[in-house]
Number of protein chains: 2
Amino acid sequence: MQTSCGDLPPAVNDFDGKGFDGKALAPAVPRRYRRGVSEETEPYVLDDQVGYLLRRVTQRHLAIFSQHIPEITAMQFACLVRLHQQGPLSQNHLGRAASMDAATVKGVVGRLEKLGLVTRAADPGDKRRLTVTLTEAGAALVSARYADGLRISAATMEPLNRAERAHLMALLNRLT
Amino acid sequence: MQTSCGDLPPAVNDFDGKGFDGKALAPAVPRRYRRGVSEETEPYVLDDQVGYLLRRVTQRHLAIFSQHIPEITAMQFACLVRLHQQGPLSQNHLGRAASMDAATVKGVVGRLEKLGLVTRAADPGDKRRLTVTLTEAGAALVSARYADGLRISAATMEPLNRAERAHLMALLNRLT
DNA sequence: TGTAGATTGTTTGTATGCAAACATCCTGCG
DNA sequence: CGCAGGATGTTTGCATACAAACAATCTACA
(Lines give C-alpha, C1' and ligand atoms only; values in the text may rest on other atoms or scores of the structure.)
Protein backbone atom coordinates (compact mmCIF):
# COMPACT_ATOMS: atom_id res chain seq x y z
CA MET A 1 0.00 0.00 0.00
CA GLN A 2 1.25 3.40 -0.94
CA THR A 3 1.43 5.77 1.97
CA SER A 4 -0.65 8.87 1.48
CA CYS A 5 2.41 11.08 1.28
CA GLY A 6 4.83 8.72 -0.34
CA ASP A 7 7.01 11.23 -2.07
CA LEU A 8 6.02 14.70 -1.09
CA PRO A 9 8.48 17.39 -2.13
CA PRO A 10 11.24 18.11 0.42
CA ALA A 11 8.84 18.76 3.26
CA VAL A 12 9.38 22.04 5.03
CA ASN A 13 7.93 21.45 8.44
CA ASP A 14 10.90 23.23 9.88
CA PHE A 15 9.47 26.70 9.98
CA ASP A 16 12.75 28.52 9.76
CA GLY A 17 11.75 32.02 8.84
CA LYS A 18 12.12 31.66 5.13
CA GLY A 19 9.68 30.52 2.49
CA PHE A 20 10.79 28.08 -0.18
CA ASP A 21 11.67 31.01 -2.36
CA GLY A 22 14.01 32.45 0.19
CA LYS A 23 11.76 35.39 1.04
CA ALA A 24 11.84 36.30 4.70
CA LEU A 25 8.78 35.30 6.69
CA ALA A 26 7.70 36.46 10.10
CA PRO A 27 10.07 35.09 12.75
CA ALA A 28 8.87 31.87 14.39
CA VAL A 29 10.42 32.82 17.70
CA PRO A 30 7.69 33.07 20.32
CA ARG A 31 6.96 36.46 21.79
CA ARG A 32 8.27 35.53 25.22
CA TYR A 33 11.76 35.08 23.83
CA ARG A 34 11.75 38.44 22.15
CA ARG A 35 11.25 40.84 25.00
CA GLY A 36 12.57 44.24 24.15
CA VAL A 37 12.61 43.72 20.41
CA SER A 38 10.63 46.51 18.81
CA GLU A 39 9.55 45.11 15.43
CA GLU A 40 7.98 41.89 16.68
CA THR A 41 5.76 39.97 14.32
CA GLU A 42 3.91 36.76 14.98
CA PRO A 43 4.42 34.02 12.42
CA TYR A 44 1.38 33.26 10.28
CA VAL A 45 0.42 29.68 11.02
CA LEU A 46 -2.59 28.77 8.94
CA ASP A 47 -3.78 26.13 11.38
CA ASP A 48 -3.89 28.74 14.13
CA GLN A 49 -6.26 31.10 12.29
CA VAL A 50 -9.92 31.16 13.35
CA GLY A 51 -11.22 31.21 9.82
CA TYR A 52 -9.39 28.07 8.87
CA LEU A 53 -10.53 26.26 12.00
CA LEU A 54 -14.10 27.42 11.50
CA ARG A 55 -14.07 26.02 7.99
CA ARG A 56 -12.74 22.67 9.11
CA VAL A 57 -15.18 22.33 11.97
CA THR A 58 -18.02 23.31 9.64
CA GLN A 59 -16.93 20.65 7.17
CA ARG A 60 -17.05 18.01 9.84
CA HIS A 61 -20.39 19.28 11.07
CA LEU A 62 -21.98 19.18 7.63
CA ALA A 63 -20.74 15.64 7.11
CA ILE A 64 -22.39 14.62 10.38
CA PHE A 65 -25.55 16.44 9.38
CA SER A 66 -25.96 14.62 6.10
CA GLN A 67 -25.39 11.31 7.83
CA HIS A 68 -28.28 11.96 10.21
CA ILE A 69 -30.60 13.84 7.85
CA PRO A 70 -29.85 12.87 4.25
CA GLU A 71 -33.15 14.09 2.73
CA ILE A 72 -32.42 17.79 3.07
CA THR A 73 -29.48 20.11 3.75
CA ALA A 74 -28.67 22.02 6.91
CA MET A 75 -29.77 25.28 5.27
CA GLN A 76 -33.08 23.79 4.25
CA PHE A 77 -33.61 22.37 7.72
CA ALA A 78 -32.95 25.79 9.25
CA CYS A 79 -35.63 27.30 7.02
CA LEU A 80 -38.16 24.61 7.92
CA VAL A 81 -37.45 25.12 11.63
CA ARG A 82 -38.03 28.86 11.38
CA LEU A 83 -41.27 28.39 9.48
CA HIS A 84 -42.45 25.74 11.94
CA GLN A 85 -41.78 27.89 14.98
CA GLN A 86 -42.67 31.32 13.61
CA GLY A 87 -45.38 30.56 11.09
CA PRO A 88 -45.53 31.77 7.47
CA LEU A 89 -42.92 34.38 6.59
CA SER A 90 -42.15 36.47 3.55
CA GLN A 91 -39.20 35.11 1.62
CA ASN A 92 -36.96 37.97 2.72
CA HIS A 93 -37.93 37.70 6.37
CA LEU A 94 -37.34 33.98 6.27
CA GLY A 95 -33.92 34.63 4.85
CA ARG A 96 -33.09 37.06 7.63
CA ALA A 97 -34.42 34.66 10.25
CA ALA A 98 -32.17 31.93 8.90
CA SER A 99 -29.18 34.19 8.17
CA MET A 100 -29.08 34.07 4.40
CA ASP A 101 -29.33 36.83 1.85
CA ALA A 102 -32.16 37.31 -0.61
CA ALA A 103 -30.42 35.64 -3.51
CA THR A 104 -29.52 32.58 -1.48
CA VAL A 105 -32.90 32.14 0.16
CA LYS A 106 -34.59 32.20 -3.22
CA GLY A 107 -32.69 29.09 -4.24
CA VAL A 108 -33.23 27.30 -0.94
CA VAL A 109 -36.97 28.01 -0.88
CA GLY A 110 -37.24 27.00 -4.52
CA ARG A 111 -35.74 23.61 -3.73
CA LEU A 112 -37.95 23.19 -0.66
CA GLU A 113 -40.95 23.96 -2.85
CA LYS A 114 -39.83 21.42 -5.40
CA LEU A 115 -39.64 18.89 -2.56
CA GLY A 116 -43.21 19.74 -1.57
CA LEU A 117 -42.19 20.95 1.89
CA VAL A 118 -43.25 24.60 1.48
CA THR A 119 -45.49 26.69 -0.76
CA ARG A 120 -45.05 30.23 -2.03
CA ALA A 121 -48.06 32.50 -2.39
CA ALA A 122 -48.45 36.16 -3.32
CA ASP A 123 -49.25 38.37 -0.35
CA PRO A 124 -52.65 40.04 -0.90
CA GLY A 125 -51.76 43.10 1.17
CA ASP A 126 -48.31 43.74 -0.29
CA LYS A 127 -47.81 42.97 -3.95
CA ARG A 128 -44.05 42.76 -3.53
CA ARG A 129 -44.17 39.94 -1.08
CA LEU A 130 -44.13 36.19 -1.45
CA THR A 131 -45.37 34.40 1.63
CA VAL A 132 -43.64 31.11 2.31
CA THR A 133 -45.73 28.53 4.16
CA LEU A 134 -44.90 25.08 5.48
CA THR A 135 -46.90 22.24 3.90
CA GLU A 136 -48.16 19.34 5.99
CA ALA A 137 -45.31 17.24 4.67
CA GLY A 138 -42.90 19.97 5.66
CA ALA A 139 -44.32 20.28 9.17
CA ALA A 140 -44.27 16.51 9.59
CA LEU A 141 -40.66 16.34 8.47
CA VAL A 142 -39.42 19.01 10.90
CA SER A 143 -41.36 17.53 13.80
CA ALA A 144 -39.96 14.10 13.07
CA ARG A 145 -36.40 15.42 12.76
CA TYR A 146 -36.02 17.74 15.74
CA ALA A 147 -34.52 14.92 17.75
CA ASP A 148 -32.02 14.21 14.97
CA GLY A 149 -31.16 17.89 14.91
CA LEU A 150 -30.20 17.73 18.56
CA ARG A 151 -28.24 14.54 17.98
CA ILE A 152 -26.32 16.27 15.18
CA SER A 153 -25.26 19.09 17.49
CA ALA A 154 -24.28 16.58 20.15
CA ALA A 155 -22.28 14.51 17.68
CA THR A 156 -20.48 17.58 16.39
CA MET A 157 -19.42 18.52 19.91
CA GLU A 158 -18.87 14.96 21.03
CA PRO A 159 -15.15 15.52 21.81
CA LEU A 160 -16.11 18.12 24.43
CA ASN A 161 -17.64 17.60 27.85
CA ARG A 162 -20.78 19.36 29.03
CA ALA A 163 -19.05 22.44 30.42
CA GLU A 164 -16.80 22.82 27.40
CA ARG A 165 -19.76 22.66 25.04
CA ALA A 166 -21.51 25.42 26.93
CA HIS A 167 -18.33 27.46 26.92
CA LEU A 168 -17.83 27.02 23.19
CA MET A 169 -21.41 28.02 22.44
CA ALA A 170 -21.08 31.11 24.61
CA LEU A 171 -17.86 32.15 22.89
CA LEU A 172 -19.23 31.56 19.38
CA ASN A 173 -22.31 33.52 20.30
CA ARG A 174 -20.21 36.56 21.06
CA LEU A 175 -18.56 36.38 17.64
CA THR A 176 -21.87 36.64 15.81
CA MET B 1 -39.09 55.21 7.61
CA GLN B 2 -40.47 51.74 7.60
CA THR B 3 -39.33 49.57 10.44
CA SER B 4 -37.62 46.42 9.28
CA CYS B 5 -40.44 44.23 10.56
CA GLY B 6 -43.37 46.52 10.06
CA ASP B 7 -46.03 43.90 9.58
CA LEU B 8 -44.61 40.51 10.25
CA PRO B 9 -47.19 37.76 10.70
CA PRO B 10 -48.43 37.30 14.29
CA ALA B 11 -44.97 36.76 15.71
CA VAL B 12 -44.56 33.63 17.76
CA ASN B 13 -41.67 34.40 20.04
CA ASP B 14 -43.57 32.74 22.84
CA PHE B 15 -42.15 29.29 22.48
CA ASP B 16 -45.10 27.47 23.96
CA GLY B 17 -44.61 23.93 22.84
CA LYS B 18 -46.70 24.14 19.73
CA GLY B 19 -45.76 25.13 16.20
CA PHE B 20 -47.97 27.47 14.24
CA ASP B 21 -49.78 24.50 12.84
CA GLY B 22 -50.68 23.18 16.26
CA LYS B 23 -48.31 20.24 16.08
CA ALA B 24 -46.66 19.46 19.39
CA LEU B 25 -43.04 20.49 19.70
CA ALA B 26 -40.49 19.39 22.24
CA PRO B 27 -41.32 20.88 25.67
CA ALA B 28 -39.48 24.09 26.44
CA VAL B 29 -39.19 23.25 30.11
CA PRO B 30 -35.50 23.11 31.10
CA ARG B 31 -34.10 19.79 32.16
CA ARG B 32 -33.59 20.84 35.75
CA TYR B 33 -37.33 21.21 36.23
CA ARG B 34 -38.04 17.78 34.88
CA ARG B 35 -36.12 15.50 37.19
CA GLY B 36 -37.61 12.07 37.22
CA VAL B 37 -39.55 12.48 34.00
CA SER B 38 -38.56 9.64 31.70
CA GLU B 39 -39.31 10.92 28.19
CA GLU B 40 -37.46 14.24 28.42
CA THR B 41 -36.77 16.12 25.24
CA GLU B 42 -34.90 19.39 24.85
CA PRO B 43 -36.57 21.99 22.67
CA TYR B 44 -34.86 22.60 19.35
CA VAL B 45 -33.71 26.20 19.36
CA LEU B 46 -32.00 26.95 16.08
CA ASP B 47 -29.84 29.71 17.57
CA ASP B 48 -28.46 27.24 20.10
CA GLN B 49 -27.18 24.75 17.54
CA VAL B 50 -23.44 24.69 16.80
CA GLY B 51 -23.90 24.43 13.08
CA TYR B 52 -25.99 27.53 12.89
CA LEU B 53 -23.56 29.49 15.05
CA LEU B 54 -20.60 28.26 13.03
CA ARG B 55 -22.25 29.45 9.87
CA ARG B 56 -22.96 32.88 11.28
CA VAL B 57 -19.48 33.35 12.69
CA THR B 58 -18.02 32.21 9.38
CA GLN B 59 -20.16 34.75 7.53
CA ARG B 60 -18.87 37.53 9.73
CA HIS B 61 -15.31 36.29 9.36
CA LEU B 62 -15.48 36.18 5.56
CA ALA B 63 -16.88 39.70 5.48
CA ILE B 64 -13.94 40.88 7.59
CA PHE B 65 -11.54 38.97 5.35
CA SER B 66 -12.70 40.61 2.15
CA GLN B 67 -12.46 44.02 3.78
CA HIS B 68 -8.80 43.45 4.61
CA ILE B 69 -7.80 41.43 1.54
CA PRO B 70 -10.13 42.20 -1.35
CA GLU B 71 -7.88 40.86 -4.14
CA ILE B 72 -8.31 37.19 -3.31
CA THR B 73 -10.57 34.96 -1.24
CA ALA B 74 -9.82 33.21 2.04
CA MET B 75 -9.54 29.87 0.27
CA GLN B 76 -7.09 31.27 -2.23
CA PHE B 77 -5.04 32.87 0.53
CA ALA B 78 -4.89 29.55 2.38
CA CYS B 79 -3.49 27.90 -0.75
CA LEU B 80 -0.89 30.61 -1.24
CA VAL B 81 0.19 30.32 2.39
CA ARG B 82 0.67 26.56 2.12
CA LEU B 83 2.66 26.91 -1.07
CA HIS B 84 4.78 29.67 0.43
CA GLN B 85 5.60 27.71 3.54
CA GLN B 86 5.83 24.20 2.12
CA GLY B 87 7.09 24.80 -1.40
CA PRO B 88 5.61 23.39 -4.63
CA LEU B 89 2.91 20.75 -4.07
CA SER B 90 0.90 18.49 -6.30
CA GLN B 91 -2.63 19.77 -6.74
CA ASN B 92 -4.09 17.00 -4.58
CA HIS B 93 -1.56 17.46 -1.79
CA LEU B 94 -2.20 21.16 -1.81
CA GLY B 95 -5.88 20.46 -1.48
CA ARG B 96 -5.31 18.20 1.50
CA ALA B 97 -2.96 20.72 3.09
CA ALA B 98 -5.64 23.40 2.76
CA SER B 99 -8.59 21.14 3.60
CA MET B 100 -10.37 21.03 0.29
CA ASP B 101 -11.26 18.13 -1.93
CA ALA B 102 -9.87 17.48 -5.39
CA ALA B 103 -12.79 19.01 -7.25
CA THR B 104 -12.70 22.19 -5.21
CA VAL B 105 -8.96 22.69 -5.33
CA LYS B 106 -9.00 22.43 -9.09
CA GLY B 107 -11.20 25.49 -9.29
CA VAL B 108 -9.25 27.46 -6.72
CA VAL B 109 -5.90 26.73 -8.32
CA GLY B 110 -7.34 27.53 -11.72
CA ARG B 111 -8.36 30.97 -10.53
CA LEU B 112 -5.01 31.55 -8.84
CA GLU B 113 -3.34 30.63 -12.12
CA LYS B 114 -5.55 33.04 -14.00
CA LEU B 115 -4.45 35.72 -11.53
CA GLY B 116 -0.81 34.91 -12.24
CA LEU B 117 -0.13 33.93 -8.64
CA VAL B 118 0.58 30.29 -9.34
CA THR B 119 1.67 28.00 -12.16
CA ARG B 120 0.78 24.40 -12.92
CA ALA B 121 3.32 22.08 -14.49
CA ALA B 122 3.30 18.39 -15.30
CA ASP B 123 5.44 16.34 -12.91
CA PRO B 124 8.24 14.66 -14.86
CA GLY B 125 8.47 11.72 -12.46
CA ASP B 126 4.75 10.98 -12.12
CA LYS B 127 2.61 11.55 -15.18
CA ARG B 128 -0.56 11.80 -13.08
CA ARG B 129 0.62 14.78 -11.13
CA LEU B 130 0.34 18.47 -11.65
CA THR B 131 2.83 20.43 -9.59
CA VAL B 132 1.55 23.76 -8.37
CA THR B 133 4.20 26.43 -7.83
CA LEU B 134 3.99 29.96 -6.46
CA THR B 135 5.01 32.67 -8.93
CA GLU B 136 7.02 35.69 -7.80
CA ALA B 137 3.86 37.74 -7.80
CA GLY B 138 2.21 35.07 -5.66
CA ALA B 139 5.08 34.96 -3.19
CA ALA B 140 5.17 38.74 -3.00
CA LEU B 141 1.45 38.88 -2.35
CA VAL B 142 1.51 36.37 0.52
CA SER B 143 4.53 37.98 2.12
CA ALA B 144 2.90 41.36 1.93
CA ARG B 145 -0.37 40.07 3.35
CA TYR B 146 0.68 37.91 6.29
CA ALA B 147 0.21 40.86 8.62
CA ASP B 148 -3.28 41.43 7.25
CA GLY B 149 -4.02 37.76 7.78
CA LEU B 150 -3.20 38.13 11.45
CA ARG B 151 -5.26 41.30 11.66
CA ILE B 152 -8.21 39.44 10.15
CA SER B 153 -8.05 36.76 12.82
CA ALA B 154 -7.75 39.42 15.51
CA ALA B 155 -10.68 41.38 14.12
CA THR B 156 -12.82 38.27 13.96
CA MET B 157 -12.15 37.51 17.61
CA GLU B 158 -12.17 41.14 18.67
CA PRO B 159 -15.11 40.67 21.10
CA LEU B 160 -13.02 38.19 23.11
CA ASN B 161 -10.11 38.87 25.43
CA ARG B 162 -6.77 37.14 25.13
CA ALA B 163 -7.63 34.15 27.32
CA GLU B 164 -11.00 33.65 25.68
CA ARG B 165 -9.44 33.65 22.24
CA ALA B 166 -6.99 30.98 23.25
CA HIS B 167 -9.78 28.97 24.80
CA LEU B 168 -11.94 29.22 21.70
CA MET B 169 -9.09 28.13 19.46
CA ALA B 170 -8.37 25.16 21.70
CA LEU B 171 -12.00 24.08 21.69
CA LEU B 172 -12.39 24.47 17.93
CA ASN B 173 -9.20 22.52 17.45
CA ARG B 174 -10.67 19.55 19.24
CA LEU B 175 -13.71 19.56 16.95
CA THR B 176 -11.59 19.16 13.83
C1' DT C 1 -50.91 64.75 -2.92
C1' DG C 2 -46.30 63.39 -4.57
C1' DT C 3 -42.21 61.77 -4.49
C1' DA C 4 -37.71 60.38 -2.48
C1' DG C 5 -36.03 56.61 -0.30
C1' DA C 6 -36.65 52.00 1.49
C1' DT C 7 -38.26 47.20 0.77
C1' DT C 8 -39.11 42.94 -1.85
C1' DG C 9 -37.91 39.76 -5.08
C1' DT C 10 -35.18 38.41 -9.37
C1' DT C 11 -31.27 37.81 -12.26
C1' DT C 12 -26.47 37.45 -13.41
C1' DG C 13 -21.87 36.40 -12.41
C1' DT C 14 -18.35 34.53 -9.55
C1' DA C 15 -16.55 31.29 -5.96
C1' DT C 16 -16.82 27.66 -2.96
C1' DG C 17 -18.07 22.72 -1.54
C1' DC C 18 -18.86 17.91 -2.21
C1' DA C 19 -20.56 13.32 -4.30
C1' DA C 20 -19.93 10.29 -7.97
C1' DA C 21 -18.19 8.44 -12.08
C1' DC C 22 -14.07 8.24 -15.04
C1' DA C 23 -9.58 7.72 -17.35
C1' DT C 24 -4.93 7.39 -16.41
C1' DC C 25 -1.03 6.19 -13.94
C1' DC C 26 1.80 4.05 -10.23
C1' DT C 27 3.25 0.48 -6.93
C1' DG C 28 3.46 -3.51 -4.16
C1' DC C 29 2.80 -8.23 -4.05
C1' DG C 30 2.21 -12.78 -5.66
C1' DC D 1 6.38 -10.00 -14.84
C1' DG D 2 1.60 -8.77 -14.31
C1' DC D 3 -2.22 -7.28 -12.14
C1' DA D 4 -5.19 -5.56 -8.32
C1' DG D 5 -5.82 -1.74 -5.70
C1' DG D 6 -4.59 2.85 -4.64
C1' DA D 7 -3.52 7.62 -6.21
C1' DT D 8 -4.19 11.70 -9.28
C1' DG D 9 -6.82 14.75 -11.82
C1' DT D 10 -11.19 15.89 -14.50
C1' DT D 11 -15.97 16.43 -15.28
C1' DT D 12 -20.79 16.78 -14.12
C1' DG D 13 -24.42 17.91 -11.16
C1' DC D 14 -26.26 19.98 -7.29
C1' DA D 15 -26.35 23.35 -3.30
C1' DT D 16 -24.84 27.17 -0.99
C1' DA D 17 -23.00 32.21 -0.70
C1' DC D 18 -22.81 36.93 -1.96
C1' DA D 19 -22.17 41.36 -4.80
C1' DA D 20 -24.44 44.17 -7.96
C1' DA D 21 -27.92 45.84 -10.82
C1' DC D 22 -33.00 45.95 -11.63
C1' DA D 23 -38.10 46.39 -11.69
C1' DA D 24 -42.00 46.79 -8.97
C1' DT D 25 -44.03 48.40 -4.89
C1' DC D 26 -44.72 50.72 -0.50
C1' DT D 27 -44.44 54.53 2.96
C1' DA D 28 -43.06 58.39 5.39
C1' DC D 29 -42.80 63.04 4.99
C1' DA D 30 -42.69 67.47 2.88
Side-chain angles (χ1 to χ4, degrees), chain A residues 1-8 51 54-56 58-67 70-79 89-96 98-112 114-115 120-132, chain B residues 1-8 51 54-56 58-67 70-79 89-96 98-112 114-115 120-132:
Chain A
M1 209 247 304
Q2 182 176 338
T3 64
S4 67
C5 315
D7 48 351
L8 273 170
L54 285 171
R55 187 156 62 80
R56 297 196 48 176
T58 297
Q59 285 176 340
R60 177 162 157 278
H61 166 72
L62 291 179
I64 292 172
F65 189 99
S66 68
Q67 282 171 10
E71 315 94 275
I72 58 176
T73 68
M75 298 296 304
Q76 293 168 5
F77 189 67
C79 284
L89 291 170
S90 79
Q91 197 173 273
N92 261 4
H93 282 146
L94 173 59
R96 259 170 254 153
S99 300
M100 36 188 136
D101 72 12
T104 301
V105 84
K106 176 182 168 47
V108 176
V109 169
R111 284 179 285 274
L112 286 174
K114 198 173 296 180
L115 291 173
R120 277 197 289 194
D123 182 310
D126 188 333
K127 291 181 192 168
R128 296 168 305 176
R129 287 193 179 169
L130 277 183
T131 300
V132 184
Chain B
M1 209 253 292
Q2 181 180 338
T3 64
S4 68
C5 313
D7 48 349
L8 272 171
L54 285 171
R55 187 156 62 81
R56 297 195 48 175
T58 298
Q59 284 176 341
R60 176 161 159 279
H61 167 72
L62 291 179
I64 291 172
F65 188 100
S66 69
Q67 281 170 12
E71 316 95 275
I72 58 175
T73 68
M75 298 297 304
Q76 293 168 5
F77 188 67
C79 284
L89 291 171
S90 79
Q91 196 174 274
N92 261 3
H93 282 147
L94 172 58
R96 259 170 253 153
S99 301
M100 36 188 135
D101 71 12
T104 301
V105 84
K106 177 183 168 45
V108 176
V109 169
R111 284 179 285 273
L112 285 174
K114 198 174 296 179
L115 292 173
R120 278 197 288 195
D123 184 308
D126 188 333
K127 292 180 192 168
R128 298 168 303 176
R129 288 194 179 169
L130 277 183
T131 299
V132 184

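Just so it is clear: chains get the letters A, B, ... in the order the sequence lines come, proteins before strands, and each one is counted from 1. Note that this is a predicted model, so its numbers are computed, not measured.
Atom CG of residue B:Leu62 and atom CE of residue B:Met75 lie 10.0 Å apart, to the nearest 0.5 angstrom. Here NZ of B:Lys106 is found 10.0 Å from CZ of B:Arg111. Values are rounded to the nearest 0.5 Å. For the atom pair CG (A:Leu94) and CG (A:Leu130), the distance works out to 11.5 Å, reported to the nearest 0.5 Å.
Here B:Gly125 lies in heavy-atom contact (under 4.0 Å) with sugar-phosphate atoms only.
Residue B:Leu112 contributes atom CG, which lies 13 Å from atom C1' of C:dT16 at whole-angstrom precision. Atom CZ in B:Arg120 sits roughly 10 Å away from atom C1' in D:dT10 (whole-Å rounding). Taking atom CD on A:Gln59 and atom P on D:dA17, their separation rounds to 13 Å, with Å as the unit. If you take CD1 of B:Ile64 and P of D:dC18, they are 13 Å apart, rounded to a whole angstrom. To the nearest angstrom, P of D:dT8 lies 6 Å from CZ of B:Arg128. Spacing between atom CZ of B:Arg56 and atom C1' of D:dC18 amounts to 16 Å, rounded to whole angstrom units. Rounded to an integer number of Å, the gap from B:Leu130 CG to C:dT24 P is 15 Å. In this structure, B:Asp101 places its CG atom 16 Å from P of D:dA7, rounding to the nearest Å.
In this structure, the side-chain contact (heavy atoms from CB on, under 4.5 Å) partners of B:Ile72, at least two apart in sequence or on a different chain, are B:Ile69, B:Gln76, B:Phe77, B:Leu80, B:Leu115, B:Leu117, B:Leu141. Applying the salt bridge (Lys or Arg N to Asp or Glu O under 4.0 Å) rule to A:Arg56 yields no partners; only residues at least two apart in sequence or on another chain are considered. Applying the side-chain contact (heavy atoms from CB on, under 4.5 Å) criterion to A:Ile64, with sequence neighbours excluded, gives A:Arg60, A:His68, A:Ile152, A:Ala155, A:Thr156. Here B:Asp101 pairs with B:Thr104 under the side-chain hydrogen bond (donor to acceptor under 3.5 Å, both in side chains) rule; sequence neighbours left out.
Listed candidates were D:dT8, D:dC26, C:dC26. Nearest to the side chain of B:Arg96 is D:dT8. Among C:dT10, D:dT25, D:dG9, the nucleotide with an atom closest to any side-chain atom of B:Gln91 is D:dG9. Each of D:dT8, C:dT8, C:dG17 was ranked by its minimum atom distance to the side chain of A:His93; first place goes to C:dT8. Listed candidates were D:dA17, C:dG9, D:dC26. Nearest to the side chain of A:Ser90 is C:dG9.
Here the closest non-hydrogen pair linking A:Arg129 and A:Ser90 is CD-CB, 3.9 Å. Contact detail for B:Val105 and B:Gly95: the closest heavy-atom pair is CG2-CA, 3.6 Å.
The backbone N or O of A:Ser99 sits less than 3.5 Å from a side-chain atom of B:Arg55, completing a donor-acceptor pair.
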Using a cut-off of under 3.5 Å, enumerate the N/O to N/O pairs linking the protein to nucleotides 21-23 of chain D.
none

Starting at the 5' end of nucleotides 11-16 of chain D, put B wherever the base has a protein heavy atom under 4.0 Å, S where only the sugar-phosphate does, and a dash everywhere else. B---SS
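Comparing A:Lys127 and A:Leu62, the nucleotide of DNA chain D nearest to each residue sits closer to the 5' end for A:Leu62. Toward the 5' end of DNA chain C, the nearer of the two residues A:Thr131 and A:Ser66, judged by each one's closest nucleotide, is A:Thr131.
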